[in-house]
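Here's the structure, in structure tokens; my notes come after.
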Amino acid sequence: MRKPLYWFLVVTAVFLIACGGKKKKKMTGDEAVNIEEFMEAYPTLSLPFVYADTSFPEEENDSLRIAPEVLHQFIPDSVTLKVFGARAHPDYYPVGAVRAGGGGFYLLTRGIDRDRKVLLISAHDKKKQFIAGLPVIKLTPNTNVSIAVTIDPRLNINKDLTQKLPNGIEISGHDVFVLNEAAKKFSLIMTDSLGDGFTELINPIDTLARKQKYSGDYGDNKMNLISIRDGQREGRMRFFIHLEKNNKECVGELKGDALFSSPTVAEYRQGGDPCVLRFRFENNEVSLEEVEGCGSRLGALQCSFNGTYPKKKEKKKATAPQGK
């Protein structure tokens, strides 16, 4: 091979490699950053993903630091002010990104200052616009509770808390959050407070209208809830289901809209979701029937939503006594 041609090929190869190896922009605030460049700072995470109080590093890598003025271009400062206050000067570091389906995604960010360590989860839509933020871990020097957060494949955010009492007894708590995109917030849908021995189930659609014939709450105990609310249009209904079966071997939820196929039968089926669930209303009861498998929503394929649940009496609102 002739030498001029040889060196031409070498220079061309070096040039192509240099062009292909584009460096990620630093998030120091010294140069303009767009949302795509901002997202490149966050490695992709696989689910389930677990982050605990022990996951915070002893020392941060300053080359990964995200300047507040950069972060707040894409995550409003109103989210961080609630945690750190106006006088604090926290540093931020990327943990990773989770794909949320439909083009949306969650970003996980560490916030650190002298007094606090925070794990912040922010949700963004397919247009990369901010939806909501959740400071899911907040640690201070006086924190005596162990915390672990798990994002499962259904995008439930599970927060487990453990505290050891002076007498050596260990107590625990569990919270579950989900994104309520319509309300632009993360909603707490279930909580089991530390040591209270009682789990409070929070119904995310409880405040919706219940004027239609079958609207109301159904269930056979406090932890089995089938909540039906009015649909946005005639022939539709909204629902939220939380079930705990087989001594808590099967625990899970399902929320969505169902269409009435007859006066007493409605079906939930949604593109891309293998679960198809039928609701049959009769004699002040609702029967659930899996047309196609929904068991994975309850933690295992052998679990099932099938069952019949009585309608609960609606609690009467207290009225103030009228004066004479």
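- Judged as a side-chain hydrogen bond (donor to acceptor under 3.5 Å, both in side chains), and not counting sequence neighbours, the contacts of Y93 are D62.
- Using a 4.5 Å cut-off on side-chain heavy atoms (C-beta onward), Y218 and E285 make no contact.
- F186 and F177 have their aromatic ring centers separated by at least 6.0 angstrom.
- With values rounded to the nearest 0.5 angstrom, I121 atom CD1 is found 4.5 Å from L108 atom CG.
- Linking ILVMFWY residues whenever their side-chain heavy atoms come closer than 4.5 Å, directly or via other members, places L208 and V178 in the same cluster.
- No continuous path of ILVMFWY side-chain contacts below 4.5 Å connects I66 to L134, so the two sit in separate hydrophobic clusters.
- Using a 3.5 Å distance cut-off with no hydrogens or angles, the side chains of T264 and Y214 do not pair a donor with an acceptor.
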task = Begin with the C-alpha distance, continue with both residues' side-chain angles, and end with the deciding distance and a verdict on side chain to side chain contact (heavy atoms under 4.5 Å, CB included) for V98 and L155.
result = CA-CA 9 Å; V98 172; L155 298 177; 3.9 Å; yes
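- No chain of hydrophobic side-chain contacts below 4.5 Å, direct or via other Ile, Leu, Val, Met, Phe, Trp or Tyr residues, connects L81 to V118.
- From E234, atom CD reaches atom CD of Q212 across 8.0 Å, with rounding to the nearest 0.5 Å.
- The distance from the CZ atom of F281 to the CZ atom of F260 is 5.0 Å, given to the nearest 0.5 Å.
- For the salt bridge (charged side-chain N to carboxylate O under 4.0 Å, His left out) condition, no pair includes a residue of residues 143-162, sequence neighbours left out.
- Applying the side chain to side chain donor-acceptor pair (under 3.5 Å) test to every pair with at least one member in residues 43-59, sequence neighbours left out, gives these pairs: Y51-R110.
- Using a 30° and 60° split on the angle between ring planes, Y92 and F84 fall in the perpendicular class, above 60°.
- With rounding to the nearest 0.5 angstrom, the CG atom of L179 is 7.5 Å from the CD1 atom of I157.
- Interatomic distance, N158 CG to I151 CD1, rounded to the nearest 0.5 Å: 9.5 Å.
- If you chain together hydrophobic residues whose side chains sit under 4.5 Å apart, L120 and F38 fall into the same group.
- The two residues K255 and P204 have their closest heavy-atom pair at CD-CG, 4.0 Å.
- Residues Y106 and V79 do not share a hydrophobic cluster, defined by chaining ILVMFWY side chains whose heavy atoms lie under 4.5 Å apart.
- Exactly one residue among R210, R238, M237 makes a side-chain contact (heavy atoms from CB on, under 4.5 Å) with S215. That residue is R210.
- The shortest heavy-atom contact between M27 and E37 is CE-O, 3.7 Å.
- Checking side-chain atoms of N224 against main-chain N and O of E244 turns up a donor-acceptor pair under 3.5 Å.
- Cluster partners of V276, by chain and number: V291. The rule joins Ile, Leu, Val, Met, Phe, Trp and Tyr whenever side-chain heavy atoms lie under 4.5 Å apart.
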Give the table of side-chain donor-acceptor pairs shorter than 3.5 Å for residues 68-75, with sequence neighbours excluded, one pair per line with atom names and distance.
| from | atom 1 | to | atom 2 | distance (Å) |
| --- | --- | --- | --- | --- |
| H72 | ND1 | P68 | O | 3.1 |
| H72 | NE2 | T80 | OG1 | 3.0 |

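- Distance check: I241 CD1 to N203 CG gives 11.5 Å after rounding to the nearest 0.5 Å.
- Residues T109 and Y42 have side chains in contact (heavy-atom distance under 4.5 Å, counting atoms from C-beta outward).
- Listed by first and then second residue, the disulfide bond (SG atoms under 2.5 Å apart) pairs involving residues 206-290 are C250-C303, C275-C294 (not counting sequence neighbours).
- A salt bridge links D91 with R65: the distance from a Lys NZ or Arg NE/NH1/NH2 to an Asp or Glu carboxylate oxygen falls below 4.0 Å.
- Taking the six-membered ring where the residue is Trp, F130 and H124 present perpendicular rings, their angle passing 60° and hence far from 30°.
- Side-chain contact annotation: D115 with T140, donor-acceptor N/O pair under 3.5 Å absent.
- Around atom NZ of K185, no more than 12 heavy atoms belonging to other residues, nucleotides or ligands sit under 6.0 Å away.
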query = Checking side chain to side chain contact (heavy atoms under 4.5 Å, CB included) for the pair R297/L277: CA distance, chi angles, key distance, verdict?
reply = CA-CA 12 Å; R297 298 295 188 91; L277 189 63; over 6 Å; no
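- Considering only heavy atoms from C-beta on, K117 stays 4.5 Å or farther from I137 through its side chain.
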message = Working note: I226 + L243, criterion side chain to side chain contact (heavy atoms under 4.5 Å, CB included); need CA distance, chi angles, decisive distance, verdict.
response = CA-CA 8 Å; I226 297 89; L243 296 180; 4.1 Å; yes
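- Tested against D217 for a side-chain hydrogen bond (donor to acceptor under 3.5 Å, both in side chains), the candidates R229, K311, K312, K313 yield a single pass: R229.
- Counting heavy-atom neighbours within 6.0 Å of Q232 CD, excluding the residue itself, gives a total of 12 or less.
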task = Report the C-alpha distance between I202 and M190 in whole Å, list the side-chain angles of each, state the deciding distance to 0.1 Å, and finish with yes or no for side chain to side chain contact (heavy atoms under 4.5 Å, CB included).
result = CA-CA 5 Å; I202 297 175; M190 191 175 73; over 6 Å; no
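- The local environment of CZ in R280 is sparse, with at most 12 non-hydrogen atoms from other residues, nucleotides or ligands closer than 6.0 Å.
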